[in-house]
Chemist: 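Take a look at this one; I'll ask things after.
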Amino acid sequence: MKRTELVATPDYFDRYINLVEDIDLFDAFDDSIHQIDMLDVDVLKKIGLKTYLPDKWTIPEILQHIADVERLLVSGTLRFVRGEGDYIISFDEIAMARHSRANARDVSRILNELKSVRFSTIELYKTFDDIDFQKSGINWKHLISADAMGFNIIGHQIHHLKFIEDHYYQFA
């Protein structure tokens, strides 16, 4: 299924979903791994813990945020697909970042973790059939289907990697 073939693109999450090319979901997942692989770890390490404004997340915190949010979204999606449609995905991303300890970790290890999470997501999505992809639940305040969630997960990464490029690479 391609992004433009989604039955519904929920408000709010359309800002992430629409960042993904109009290609098959599994091709988009593969591209997302490639995007991680193409990051220049030496540049990220050189930037270190600098931020573009006080009290903003560091690159390690942003990368950990991507992995953490993906885990939560996939867990919720699994619950929707397995018949627990009344489950609501909700979390406090600020508190999670504050307690992540990402700044004490090597950015290479965080990237490896992010790739592992993504590979796990891909394997789960490979178990879904056409009916599963249409099952939905509430993510925060918005109804979202499993297929839309896949594009949302990828778009969330695209958003943050672009943000890093636009706001942090100046420190390299």
Side-chain angles (χ1 to χ4, degrees), residues 3 9-10 12-21 23 25-53 55-80 89-126 137 139-142 144 146-172:
R3 178 182 48 80
T9 303
Y12 183 80
F13 297 111
D14 59 348
R15 68 185 184 145
Y16 297 127
I17 292 168
N18 290 330
L19 293 175
V20 182
E21 289 185 51
I23 57 177
L25 176 60
F26 290 101
D27 292 335
F29 274 132
D30 289 343
D31 284 354
S32 73
I33 296 290
H34 181 70
Q35 291 165 3
I36 297 167
D37 286 339
M38 294 307 298
L39 291 171
D40 189 331
V41 176
D42 292 332
V43 168
L44 299 180
K45 286 181 178 185
K46 184 177 181 184
I47 296 167
L49 302 180
K50 295 178 184 122
T51 60
Y52 67 99
L53 287 173
D55 298 320
K56 294 298 182 181
W57 291 348
T58 63
I59 288 175
E61 288 172 328
I62 293 169
L63 296 172
Q64 188 66 58
H65 164 79
I66 297 169
D68 287 351
V69 168
E70 182 163 340
R71 283 183 169 110
L72 294 167
L73 296 180
V74 170
S75 174
T77 303
L78 177 65
R79 293 175 82 158
F80 304 155
I89 302 170
S90 180
F91 51 89
D92 182 343
E93 65 184 26
I94 304 299
M96 289 179 58
R98 187 177 325 118
H99 297 286
S100 71
R101 297 188 183 105
N103 290 336
R105 297 182 59 207
D106 183 273
V107 72
S108 298
R109 302 285 302 164
I110 298 170
L111 290 171
N112 286 340
E113 177 185 350
L114 178 56
K115 282 177 56 175
S116 294
V117 170
R118 183 60 45 85
F119 283 129
S120 178
T121 297
I122 293 167
E123 289 305 312
L124 175 65
Y125 266 75
K126 285 179 180 178
N139 181 3
W140 186 41
K141 298 186 259 185
H142 305 279
I144 188 167
D147 55 1
M149 187 69 86
F151 285 104
N152 179 56
I153 289 166
I154 297 164
H156 182 250
Q157 174 182 300
I158 293 168
H159 163 78
H160 283 294
L161 294 184
K162 177 75 171 132
F163 194 88
I164 288 169
E165 181 181 323
D166 291 346
H167 292 85
Y168 289 80
Y169 277 23
Q170 64 181 320
F171 300 116

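We number each residue from 1, following the sequence as shown.
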Chemist: Would you name the heavy atoms of Leu44 and Tyr169 that are closest together and state the gap between them?
Modeler: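 In this case the closest contact between Leu44 and Tyr169 is CD2-CE1, 4.0 Å.
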Chemist: Only counting residues at least two apart or in another chain, list the ones meeting ring-ring contact (aromatic ring centres under 6.0 Å, His included) with His167.
Modeler: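 If we apply the ring-ring contact (aromatic ring centres under 6.0 Å, His included) test to His167, skipping adjacent residues, the hits are Tyr52, Phe163.
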Chemist: Please check if the number of heavy atoms outside Arg15 that lie under 6.0 Å from its CZ is greater than 12.
Modeler: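 Counting other residues, nucleotides and ligands, CZ of Arg15 exceeds 12 neighbours.
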Chemist: Look up atom CZ in Phe171 and atom OG1 in Thr51, then write down how far apart they are to the nearest 0.5 Å.
Modeler: 6.5 Å
Chemist: Nearest 0.5 Å please: distance from the CD1 atom of Ile94 over to the NE2 atom of His65.
Modeler: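 With rounding to 0.5 Å, CD1 (Ile94) is 8.5 Å from NE2 (His65).
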Chemist: If every non-hydrogen atom of Phe26 is compared with every non-hydrogen atom of Ile122, which pair is closest and at what distance?
Modeler: CE2-O, 4.1 Å
Chemist: Applying side-chain contact (heavy atoms from CB on, under 4.5 Å), name anything that partners Ala97, two or more places apart in sequence or on another chain.
Modeler: Trp57
Chemist: Which atom pair, heavy atoms only, marks the closest approach of Thr58 to Leu49?
Modeler: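 Taking Thr58 first and Leu49 second, the nearest heavy atoms are CG2-O, 3.3 Å.
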Chemist: Do Ile164 and Leu63 touch side chain to side chain, with heavy atoms closer than 4.5 Å?
Modeler: yes
Chemist: Kindly indicate, with the supporting measurements, whether the criterion side-chain contact (heavy atoms from CB on, under 4.5 Å) is fulfilled by Tyr12 and Asn139.
Modeler: CA-CA 10 Å; Tyr12 183 80; Asn139 181 3; over 6 Å; no
Chemist: Once rounded to the nearest 0.5 Å, what's the spacing between atom CZ of Arg109 and atom OG of Ser116?
Modeler: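 These two atoms lie 9.0 Å from each other.
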Chemist: Can you name the salt bridge (charged side-chain N to carboxylate O under 4.0 Å, His left out) partners of Asp68, sequence neighbours left out?
Modeler: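 For Asp68, the residues satisfying salt bridge (charged side-chain N to carboxylate O under 4.0 Å, His left out) (neighbours in sequence not counted) are Arg71.
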Chemist: So for atom CD, which belongs to Glu21, do other residues, nucleotides or ligands contribute more than 12 heavy atoms lying within a distance under 6.0 Å?
Modeler: no
Chemist: Can you classify the ring geometry of Phe13 versus Tyr16 as parallel (below 30°), tilted (30 to 60°) or perpendicular (above 60°)?
Modeler: tilted
Chemist: Who are the salt bridge (charged side-chain N to carboxylate O under 4.0 Å, His left out) partners of Asp106, not counting sequence neighbours?
Modeler: Lys45
Chemist: Got a second to check how far Tyr125's OH is from Thr77's OG1, nearest 0.5 Å?
Modeler: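 OG1 of Thr77 is found 4.0 Å from OH of Tyr125.
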Chemist: Tell me, with the steps shown, if Phe80 and Ile89 meet side-chain contact (heavy atoms from CB on, under 4.5 Å).
Modeler: CA-CA 10 Å; Phe80 304 155; Ile89 302 170; 3.8 Å; yes
Chemist: For Asn152 and Met149: C-alpha separation, side-chain torsions, deciding distance, then whether side-chain contact (heavy atoms from CB on, under 4.5 Å) applies.
Modeler: CA-CA 5 Å; Asn152 179 56; Met149 187 69 86; 3.7 Å; yes
Chemist: Is any side-chain heavy atom of Val69 closer than 4.5 Å to one of Phe91?
Modeler: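 Phe91 reaches Val69 side chain to side chain.
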Chemist: Kindly indicate whether the side chain of Thr121, heavy atoms from C-beta on, has any atom under 4.5 Å from the side chain of Leu73.
Modeler: no
Chemist: To the nearest 0.5 Å, what is the distance between CG (Leu25) and CD1 (Ile154)?
Modeler: 5.0 Å
Chemist: Just wondering, do Gln64 and Glu61 contact through their side chains at under 4.5 Å, heavy atoms?
Modeler: no
Chemist: Quick one, Leu114 and Phe119 - any side-chain contact, counting heavy atoms below 4.5 Å?
Modeler: no
Chemist: Any chance you could lay out the side-chain contact (heavy atoms from CB on, under 4.5 Å) test for His156 and Glu70, step after step, and finish with the verdict?
Modeler: CA-CA 9 Å; His156 182 250; Glu70 182 163 340; over 6 Å; no
Chemist: Could you report the tightest heavy-atom contact between Ile17 and Pro10, atom names first, then the distance?
Modeler: CD1-CD, 4.0 Å
Chemist: With heavy-atom distances below 4.5 Å as the criterion, would you say the side chains of Leu72 and Met96 are in contact?
Modeler: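 A side-chain contact exists here, since the closest heavy-atom pair is under 4.5 Å.
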Chemist: Search all heavy atoms of Val20 against all heavy atoms of Gly155 and return the closest pair with its distance.
Modeler: CG2-N, 3.6 Å
Chemist: Is it true that, when you exclude Lys56 itself, more than 12 heavy atoms of the residues, nucleotides or ligands shown sit nearer than 6.0 Å to its NZ?
Modeler: no
Chemist: Can you name the residues that form a salt bridge (charged side-chain N to carboxylate O under 4.0 Å, His left out) with Lys46, not counting sequence neighbours?
Modeler: none
Chemist: Can you give me every donor-acceptor pair (side chain of residues 32-40, partner residue at least two apart or in another chain, under 3.5 Å) with its distance?
Modeler:
from	atom 1	to	atom 2	distance (Å)
Ser32	OG	Phe29	O	2.5
Ser32	OG	Arg118	NH1	2.6
Gln35	OE1	Gln157	NE2	3.1
Asp37	OD1	Lys115	NZ	2.6
Asp40	OD1	Asp42	N	3.0
Asp40	OD1	Val43	N	3.2

Chemist: Which pair of heavy atoms, one from Asn103 and one from Pro60, lies closest together, and at what distance?
Modeler: OD1-CB, 3.9 Å
